[in-house]
Amino acid sequence: MPPDQPSTINHQPFSDYHTHPQGHRVQPYSPQLLQPWVESARLRNLTDIAFTDHDRYHAGVDFDEIKRLREANPDVQIRAGIELDNDPVHSGPGRRWVEDHWDELDFVLGSVHFLDRPDQMFDSVPEGAAQFAGREIDAIYADYFRRVREMAASGLVDCLAHFDLIKIHGHRPSGEVRALAEETLDFVATRGLAIELSTAGWRKPVGELYPSDDLIESAKSKGIPFTTASDAHSHVQLAENYARLAEKITALGISEVCVFERHRRETRAIT
Ligand SMILES: [Zn+2]
Ligand SMILES: [Zn+2]
């Protein structure tokens, strides 16, 4: 973004670093698939977007298509990314793919979508809620954050997605979530990773931003940088609820977010 960014978009997030052009299946990258995302970005005053399809659909990712898209749309920064998760079935090949293409990728999101069941993402709505039935919620939270630390330790991610996804169905721990997450946030800070402010939580049963305000405050106090994200699975969902996110960012006193180019982090002012 140029330094003379017009004041009309002050306080408005200008980036979306969590998007799924392929949705939930392999759809090879093409102008027909990707161009609508750029149009959508322009309509919403976004100047920086990252494609972060799930690693299990890496076969559809085409770096040459991204290059052509950049050439056709020089006014929007388009980052090549992936969302790497802890899928017990697919994440082995996913990790190898990330390693093989590290230098072509700008940005890797790390996610925890799986707990004990290898065949079902716990964040499936509504089916995943069954994984919480009859279990001690504090223990599930502790287990989830342990897995987040494992992902953070992988050395293959730049940013952690939906940091407190474990709340998705509305289950709450008995005490302060901040205490449960403290060790993990310290670890994220030590590793120099970012976390995202994701509006996706607002469209899920929990109806709350990822992460919660108290976790954002804690992350801020530890110097952890933020990206802004919608986790859009369609171009019409890009930057969803960003007006609400802008209010939240202002209320929490966040004045900058980060963007990534070839894994190199840069900080940009948003206020
Ligand atoms: Zn995810
Ligand atoms: Zn996602």
Side-chain angles (χ1 to χ4, degrees), residues 13 15-27 29 33-34 37 40-41 46 49-61 79-91 94-95 97-98 105-115 117-129 131 144-145 147-152 154 156-169 184 188 193-206 208-212 215 226-242 245 260:
S15 58
D16 194 333
Y17 267 52
H18 193 151
T19 71
H20 294 277
Q22 299 186 85
H24 278 139
R25 62 197 162 103
V26 172
Q27 299 188 75
Y29 281 12
L33 185 77
L34 300 180
W37 289 79
S40 189
L46 300 185
I49 59 172
F51 296 139
T52 57
D53 271 305
H54 291 290
D55 66 270
R56 68 184 69 90
Y57 310 125
H58 65 76
V61 176
R79 317 294 189 175
I82 201 83
E83 179 179 4
L84 179 67
D85 75 4
N86 68 330
D87 184 333
V89 176
H90 296 99
S91 66
R95 280 166 194 242
W97 184 87
V98 169
L105 287 161
D106 293 300
F107 181 65
V108 182
L109 275 175
S111 299
V112 171
H113 295 132
F114 292 85
L115 298 172
R117 271 189 65 167
D119 60 332
Q120 184 191 63
M121 294 163 76
F122 75 80
D123 59 315
S124 321
V125 176
E127 314 84 49
Q131 294 190 37
Y144 169 78
F145 282 119
R147 293 170 195 266
V148 172
R149 291 195 295 280
E150 274 181 12
M151 181 55 69
S154 69
L156 291 175
V157 301
D158 301 297
C159 176
L160 293 169
H162 37 62
F163 183 77
D164 58 353
L165 183 67
I166 195 68
K167 72 184 178 187
I168 184 168
H169 303 290
T184 308
V188 168
L193 303 178
I195 63 174
E196 62 177 22
L197 304 176
S198 169
T199 62
W202 276 323
R203 63 174 183 263
K204 301 295 184 178
V206 69
E208 191 178 282
L209 187 76
Y210 301 129
S212 59
L215 295 186
F226 303 104
T227 63
T228 43
S230 69
D231 208 343
H233 281 65
S234 151
H235 60 86
V236 296
Q237 221 169 29
L238 192 73
E240 186 180 65
N241 278 319
Y242 263 33
L245 180 61
F260 288 83

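Remember, it's 1-based here, ligands and their atoms both numbered in the order they're listed. What's counted below: heavy atoms across the whole structure, side chains too, no hydrogens, waters or symmetry copies.
Under the ring pair (Phe, Tyr, Trp, His ring centres under 6.0 Å) criterion, H20 pairs with H18, H54, H233, sequence neighbours left out. For F226, there are no ring pair (Phe, Tyr, Trp, His ring centres under 6.0 Å) partners two or more places apart in sequence or in a different chain. W97 pairs by the ring pair (Phe, Tyr, Trp, His ring centres under 6.0 Å) definition with H58, F63, H101, not counting sequence neighbours.
Note that OG1 of T199 and OH of Y242 are 6.0 Å apart. Values are rounded to the nearest 0.5 Å. Between the OG1 atom in T227 and the CD atom in E196 there is a gap of 5.0 Å [rounded to 0.5 Å].
Listed by chain and number, the protein atoms of type N/O/S under 2.8 Å from the Zn ion (ligand 1) are E83 OE2, H113 NE2, H162 NE2; waters are omitted.
D85 places no side-chain N or O within donor-acceptor distance of the main-chain N or O of S111, the cut-off being under 3.5 Å.
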